[in-house]
Amino acid sequence: MRFLDQWLAACRRNSSRLCLGLDPEPERLPAPWTHDTSRLFDFCAAVVDATADLVCAYKPQIAHFAAVGAEQQLERLIHHIRERAPGVPVILDAKRGDIGSTARHYAREAFERYGADALTVSPFLGRDSLDPYMEAYPERGLFVLCRTSNPGSDDLQALGLRDAEQPGERLFERVARLAAGPWNRNGQIGLVTGATRPQDILAVRAVAPDLPLLIPGVGAQGGDLEATVRAAGDRFLINASRSVLYAAPGSQFAAAARDEARRLRDTMAELAPL
């Protein structure tokens, strides 16, 4: 099944636009697992078990596993998601950005080694950095960084373009326009747009009205959920990570994660019914 079809089916089945980021921090694991890097799988798997019917996607962050040599735990976690949340897609958050053979190996890593359904990528090197993914894996999804939620994104993403086809076009708007047009040969591209700037989500929607939007920044980063949902239109999924994973310390962490995931899902459903 194509990623977009799988994602939309999961949205309908779970009545959810919530994407749950799996970003385990060893120092924040509940006791007695605190600082135990061998327990990343156990922690994340418990959260998956508690939220499988509440989300439309899971988004593990590869660096949180690779930094402590826990890649095998990530492989095991993705297999666990397949078993416990069948049909819920996995978006590997790696933000890859390279060309040629290196990009082909990144694609193989994401889609064959880890078996992800979609991958986050950087467009800074242009179309050449996206083609290897689309040529070899046309059924998988690509979420292209566009207008991110971090404060420093203004350094580049908000710059005006001298050769703008539209008056006042900014770099992130050009990325959105290209992603919605010539880059999107197989209809597999979405965009990453941050919840901390809902006015820029509106600008993205003006040039890319139909692309799926993966929206981080709600929760710990302080994005306004209502303003984000209003700006996003229809095809979007909102990511929450820390606010769900660490909703409560101690042995009740999974139950607390479920409560917070349900709250976010239901709030989104009230604002934008599926």
Side-chain angles (χ1 to χ4, degrees), residues 7 10 14 16-85 88-95 114 116-120 143 148-150 192 194-196 214-225 228 237-268:
W7 163 57
N14 289 345
S16 179
R17 301 180 192 271
L18 175 63
C19 172
L20 181 52
L22 299 172
D23 308 349
E25 299 279 2
E27 65 274 15
R28 299 189 70 176
L29 299 185
W33 298 344
T34 312
H35 296 291
D36 185 349
T37 58
S38 71
R39 295 292 189 167
L40 300 187
F41 167 81
D42 296 306
F43 174 74
C44 291
V47 173
V48 168
D49 292 347
T51 59
D53 61 332
L54 299 174
V55 304
C56 67
Y58 288 103
K59 185 174 69 65
Q61 204 334 305
I62 192 170
H64 287 251
F65 295 86
V68 295
E71 292 94 337
Q72 289 187 343
Q73 292 187 65
L74 176 56
E75 293 179 55
R76 185 181 172 197
L77 175 61
I78 293 174
H79 181 72
H80 184 81
I81 292 170
R82 301 292 184 222
E83 290 186 335
R84 301 305 295 267
V88 174
V90 174
I91 303 168
L92 186 63
D93 191 1
K95 301 179 178 68
Y114 292 112
D117 302 294
L119 177 69
T120 59
F143 281 98
T148 57
S149 56
N150 58 302
V192 179
T196 53
L214 171 58
I215 307 176
V218 167
Q221 294 185 56
D224 185 312
L225 180 58
T228 297
L237 58 166
I238 292 179
N239 183 77
S241 299
R242 287 169 287 175
S243 63
V244 176
L245 295 182
Y246 311 116
S251 61
Q252 298 304 308
F253 72 92
R258 177 173 179 80
D259 289 343
E260 177 62 11
R262 182 193 289 116
R263 185 190 70 80
L264 288 169
R265 183 200 65 168
D266 293 349
T267 300
M268 293 179 208

Please set out all donor-acceptor pairs under 3.5 angstrom arising from side-chain atoms of residues 21-35, sequence neighbours excluded.
residue	atom	partner	partner atom	Å
Asp23	OD2	Ser241	OG	3.4
Thr34	OG1	Leu29	O	2.7
Thr34	OG1	Ala31	N	3.3

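The shortest side-chain heavy-atom distance between Leu237 and Leu18 does not fall under the 4.5 Å cut-off.
Remark: Thr120 pairs with Asp93 by the side-chain hydrogen bond (donor to acceptor under 3.5 Å, both in side chains) rule, at least two apart or across chains. Looking at residues two or more places apart in sequence or on another chain, you find a side chain to side chain contact (heavy atoms under 4.5 Å, CB included) between Ala50 and Ala254, Arg258. Annotation: side chain to side chain contact (heavy atoms under 4.5 Å, CB included) contacts of Asp266 (sequence neighbours excluded): Arg262. For Thr51, the side-chain hydrogen bond (donor to acceptor under 3.5 Å, both in side chains) criterion is met by Tyr58, not counting sequence neighbours. Partners of Gln61 by side-chain hydrogen bond (donor to acceptor under 3.5 Å, both in side chains), not counting sequence neighbours: none found. Residues forming a side chain to side chain contact (heavy atoms under 4.5 Å, CB included) with His79 (at least two apart in sequence, or on another chain): Glu83. Listed by chain and number, the residues in a ring pair (Phe, Tyr, Trp, His ring centres under 6.0 Å) with Tyr246 are Phe43 (sequence neighbours excluded). In this structure Arg82 satisfies the side chain to side chain contact (heavy atoms under 4.5 Å, CB included) test together with Gln6, Ile78, Val90, Asp117, sequence neighbours excluded.
Each side chain to side chain donor-acceptor pair (under 3.5 Å) pair with one or both residues in residues 36-48, not counting sequence neighbours, appears once here: Asp36-Ser38, Arg39-Asp42. Annotation: salt bridge (charged side-chain N to carboxylate O under 4.0 Å, His left out) contacts involving residues 69-80, sequence neighbours excluded, comprise Glu75-Arg113.
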side-chain contact (heavy atoms from CB on, under 4.5 Å) assessment of Phe65 paired with Leu77: CA-CA 11 Å; Phe65 295 86; Leu77 175 61; 3.8 Å; yes

